[in-house]
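Just below is one structure, and these are the notes that go with it.
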Amino acid sequence: MDQPILIDTKMHGMEGITGCFVVKGSERTALVETGPKSSLEHVLKGLEDAGVDALDWIVVTHIHLDHAGAAGTLAARFPTARVAVHEVGAPHLADPSKLWSSAARIYGERMDELWGGIDPIDPERITALTGGDEIDLGGRKLTAHDTPGHARHHHTYVDDATGIAFTGDAMGVRLADVGVVRPATPPPEFDLEDAIASIEKIRALGASELWLTHFGSQKPQSQDEVCDEAVTALRSWAEWVKDARASTEDLDEIAAQVQKRAEEDLGGRLTPDAIDRMEQTTSYWMNTWGYVRYLDRKAKAG
Ligand SMILES: [Zn+2]
C-alpha cells in the first residue's frame, strides 16, 4: 500500500502549518483532516495532484475549524462521501452553530477572514465513531483511538498498512521544519491529565511514525523523543501559568509572562518566523486561556 499523501492546506496563507492526508485503500479513499474552509482551494488542488477524483471518507480527528472546517463543503463536493468523526463531535458537524459561536469567543471579528465559514452536514452522512472503530478502505483500515485532552472529542487514527498514526492535536504542535513542541491547550475543554494520558496511549500504540496535523511526519525524531518532549512541554506550561497567576489574574499579562518563559526555555531557538507560524496554530494567548480554564475547573472540583 502507498504511503499516505500529505497535502499542505496553506492555512491563513502560510506553508507548513496545517496538513491533511490522503489514504488510499484498494477500494476506497479517505481524506484525514480537511483544514478550514478558507483554504479549501489548496486541498482541492492537492487532491487533484494526488489523482483523487472522488472521496469515500472524510475523516477528522476533531471538530475544531482548522481540522474539520471544510468537511461540510467537501461533503457537498463529493456527494457519496461519508464523514467520520468522534461521537461527541458529530452533532456539531450536523449543526455547526455552537461550534462557530464557541470559536467566535476566541477569534472575535476575525472569524470569517480566518475560517471562511462552515457548512452543515446531513446527519445521515455522518458516521459517529468511538474508540476502536475501524474505517475499511479495502485491504487497509483506519482505526480510531480515543485521545482526549486537547478536546474531549478527539481521535487519533492509525493506518494499519503503514503503521502511521495521525495524531491531530493530541501531541500538540510540532512543525516539521521547526522541531519544537508547543502544547495545544485551547479553552474550554483542555485537560492536562487527559492530554498526558493520551500521549502515553499514543506512545503505547507503537506507530511507525507520528503525523501531526500541525505539521507532518516527525521523522527522524523518534516517537519516544516526541512523546517525552510533548509531556515535558505540557507540564512546563502548567508551571509557567501557575507562576504568572501568583502575581496577576490579567489574561494578557499571564500570557506575556508565559511567552517570555517559553522563549527563554527554548534558548532563542525559535526564529520570529517560526513563532509567527506557530501562533497561527495555537497562540500563547489561547493556550494560556486554556490552562487558566483548566486550573479553575480543577480548583472548583477540589
Ligand atoms: Zn484543535
Side-chain angles (χ1 to χ4, degrees), residues 8-9 11-12 14 16-21 31-39 43 58-72 83-93 96 98-107 110-111 114-116 118 129 144-157 165-175 181-192 194-199 201-202 210-216 218 230 233-234 237 277-294:
D8 188 340
T9 70
M11 181 175 81
H12 306 163
M14 289 194 179
I17 66 169
T18 302
C20 56
F21 314 100
L31 181 70
V32 178
E33 310 284 56
T34 72
K37 186 177 172 184
S38 52
S39 55
V43 177
I58 297 160
V59 182
V60 296
T61 59
H62 63 299
I63 60 172
H64 289 163
L65 294 167
D66 48 337
H67 298 254
V83 178
V85 57
H86 193 292
E87 58 180 343
V88 176
H92 301 288
L93 290 189
K98 272 193 194 150
L99 172 61
W100 188 260
S101 58
S102 160
R105 262 173 246 135
I106 297 172
Y107 298 101
R110 298 189 64 213
M111 287 296 288
L114 289 174
W115 309 117
I118 181 167
L129 302 176
H145 298 272
D146 201 19
T147 43
H150 171 78
R152 276 194 292 274
H153 55 276
H154 191 291
H155 277 147
T156 288
Y157 297 96
F166 302 103
T167 58
D169 284 348
M171 303 296 302
V173 168
R174 192 175 187 279
L175 307 183
V181 171
R182 175 182 291 195
T185 65
E189 292 184 353
F190 166 65
D191 184 286
L192 178 62
D194 284 353
I196 291 173
S198 288
I199 292 168
K201 189 170 180 179
I202 289 167
L210 304 178
W211 283 27
L212 277 55
T213 304
H214 315 286
F215 174 89
Q218 299 303 308
L234 278 168
W237 281 62
R277 288 164 64 223
M278 289 166 97
E279 284 291 288
Q280 300 293 322
T281 61
T282 192
S283 68
Y284 287 113
W285 185 80
M286 185 168 80
N287 270 5
T288 300
W289 189 8
Y291 270 103
V292 167
R293 283 282 298 252
Y294 155 77

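Both ligands and their constituent atoms are indexed starting at 1 by order of listing.
In this structure, the ring-ring contact (aromatic ring centres under 6.0 Å, His included) partners of Phe21, at least two apart in sequence or on a different chain, are Phe166, Trp211.
Around the Zn ion (ligand 1), the protein atoms of type N, O or S that sit closer than 2.8 Å are His62 NE2, His64 ND1, His150 NE2, Asp169 OD2.
Put simply, the side chain of Pro187 reaches to within 4.5 Å of the side chain of Met286, judged on heavy atoms.
Nearest heavy atom pair, residue Cys20 against residue Thr9, reads SG-CG2, 4.0 Å. Closest non-hydrogen pair, Leu175 versus Ile17, comes out as CD2-CA, 3.9 Å.
No donor-acceptor distance shorter than 3.5 angstrom exists from the side chain of His67 to the backbone of His62, with no hydrogens or angles considered.
Taking the centre and axis of the six-membered ring of Phe190, the NZ or CZ atom of Arg152 falls outside the cone set by 45° and 6.0 Å.
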